[in-house]
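Okay, so here's the structure we're looking at.
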Number of protein chains: 2
Amino acid sequence: MLEEGYAAVTVRRVAKSAGVSATLLHYYYATADDLLIALYSHASDKDLASLKSALAADDPLAALWAYQTDSTRTALGVEFLALANHRKSIRMKIVQFAEHARALQTKALADLIAPDSEFVPCSPVCVSMLLTSVSRNMIFESGVGISSGHAEARAFVQQTLARLKRKRMRPQPP
Amino acid sequence: MLEEGYAAVTVRRVAKSAGVSATLLHYYYATADDLLIALYSHASDKDLASLKSALAADDPLAALWAYQTDSTRTALGVEFLALANHRKSIRMKIVQFAEHARALQTKALADLIAPDSEFVPCSPVCVSMLLTSVSRNMIFESGVGISSGHAEARAFVQQTLARLKRKRMRPQPP
DNA sequence: GTCTATATAATGATAGAC
DNA sequence: GTCTATCATTATATAGAC
């Protein structure tokens with residue numbers, strides 16, 4: 001899927017790379033869509049674990065950005081999104097996971113960024129959406145060989161995240 | 001391509017929707033890749049005209065953002081990018097156009113935004129890359145039904161662009 | 001130029017042996 | 001469970017009539 005796109009993931013090829021016959025895959029997964037859903041389920045479980053681990057790290061903002069810019073994970077995610085675009089059977093699962101991941105990030109970001117430190121305010125859900133946008137596009141473009149502005153965007157995001165970071169305070173007296 | 005993805009654009013289906021036989025298409029376009037290249041060439045010519053028109057508008061920053069968030073144009077662009085990801089024959093043309101469009105935007109932005117008005121500096125090429133990222137992801141997600149953070153991100157971009165806008169000055173004395 | 005007919009390969013899915 | 005064999009469909013591409 002990473003190398004040739006979602007359209008290259010066929011029952012026969014998955015079966016071959018798993019060393020079994022195509023019929024056996026049909027035995028476990030009645031349709032090709034069922035197989036893709038199972039693949040996505042596996043990938044999204046891994047994603048969710050990585051995301052939760054990042055949000056629990058020492059520097060959650062930096063870890064979140066590292067999670068977002070993991071090229072394998074993000075490239076796979078984009079491929080599944082493209083798949084969702086014209087395979088309605090698996091669209092719902094992908095949308096659900098995307099919304100769930102964004103909600104998790106939003107909730108975490110509410111505690112991680114200072115609410116009033118920005119000239120133009122950007123809410124937690126806005127930060128989550130922007131981070132996802134930049135990383136997805138950067139990984140996607142890198143995959144085909146586009147690189148203009150990538151280093152600058154990466155530096156900008158990192159500096160902005162550092163600036164947004166809420167300073168940890170001692171517990172306030174009541 | 002918009003409704004079913006790039007994989008649905010086959011010689012047969014294009015021929016049928018054009019009311020001719022598939023063989024006739026092969027007469028004009030030897031291979032399926034040649035056909036896709038011709039389709040992309042047509043689409044990118046239109047894109048380039050729209051971009052140049054936007055950059056020559058009264059409010060180029062607002063027009064650029066309108067260009068970037070044109071859903072048909074952007075969704076098609078994303079589809080071609082996905083195609084480039086695993087059809088090497090047309091990858092080069094797509095990369096060339098993407099780099100060209102980014103360079104055009106970068107050059108225009110250098111005159112449109114104030115260089116030192118930002119807390120964390122973001123160069124013109126960085127602005128171009130970020131705008132493309134946000135619009136692409138917003139359109140892409142909207143297409144499958146993801147919408148969290150979209151309104152916030154859109155408002156943030158518009159406010160930020162307004163704030164970045166370089167005030168037009170009278171010609172300076174030498 | 002434009003067509004019908006066809007060669008070849010790959011797809012999803014099923015029947016039925018073991 | 002796991003396999004071979006097979007069907008129907010669709011893809012790219014070509015041969016050859018007109």
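By convention in this document, chain letters (A, B, ...) are assigned in the order of the sequence lines, proteins followed by strands, and residues within each chain are numbered from 1.
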Checklist entry - Does the Thr74(A) side chain pair with the main chain of Gln68(A), one donor and one acceptor, at a distance under 3.5 Å? => result yes
Next on the checklist: Rounded at 0.5 Å granularity, tell me how far OG in Ser44(B) sits from CD1 in Ile37(B).
Outcome noted: 11.0 Å
Checklist entry - What are the residues of residues 32-44 of chain B, sorted by number, that bring a heavy atom to within less than 4.0 Å of DNA chain C? => result none
Checklist entry - Which of residues 21-28 of chain B have a heavy atom under 4.0 Å from DNA chain D? => result Thr23(B), His26(B)
Checklist entry - Is there a donor-acceptor pair under 3.5 Å between the side chain of Ser50(A) and the backbone N or O of Lys46(A)? => result yes
Checklist entry - What pairs meet the ring pair (Phe, Tyr, Trp, His ring centres under 6.0 Å) rule with one or both residues in residues 39-98 of chain B, with sequence neighbours excluded? => result Tyr6(B)-His86(B), Tyr40(B)-Phe80(B)
Next on the checklist: Could you check whether any side-chain heavy atom of Leu76(A) comes within less than 4.5 Å of a side-chain heavy atom of Met1(A), counting everything from C-beta outward?
Outcome noted: yes
Next on the checklist: Determine whether a donor-acceptor pair (N or O, by modelled atom type, separation under 3.5 Å) exists between the side chain of Thr132(B) and the backbone of Ser128(B).
Outcome noted: yes
Sequence neighbours excluded and cut-off under 3.5 Å, please list the side-chain donor-acceptor pairs for residues 142-150 of chain B, or say none.
| unit_1 | atom_1 | unit_2 | atom_2 | d |
| --- | --- | --- | --- | --- |
| Ser142(B) | OG | Met138(B) | O | 2.8 |
| Ser142(B) | OG | His150(B) | ND1 | 3.3 |
| Ser148(B) | OG | Glu99(A) | OE1 | 2.2 |
| His150(B) | NE2 | Glu141(B) | OE1 | 2.7 |
| His150(B) | NE2 | Ile146(B) | O | 3.4 |

Polar atom pairs between nucleotides 6-11 of chain C and protein, under 3.5 Å, N or O only, would you list them?
| unit_1 | atom_1 | unit_2 | atom_2 | d |
| --- | --- | --- | --- | --- |
| dT11(C) | OP1 | Thr10(A) | OG1 | 3.1 |

Item to check | Polar side-chain atom of Ser133(B) near backbone of Met129(B) as donor-acceptor pair, under 3.5 Å | outcome: yes
Checklist outcome for this item: For Ile113(A) and Cys122(A), the nearest pair of non-hydrogen atoms, with its separation, is CD1-O, 4.3 Å
Item to check | Any residue meeting side chain to side chain donor-acceptor pair (under 3.5 Å) with Asp47(A), in chain and number order, not counting sequence neighbours | outcome: Arg73(A)
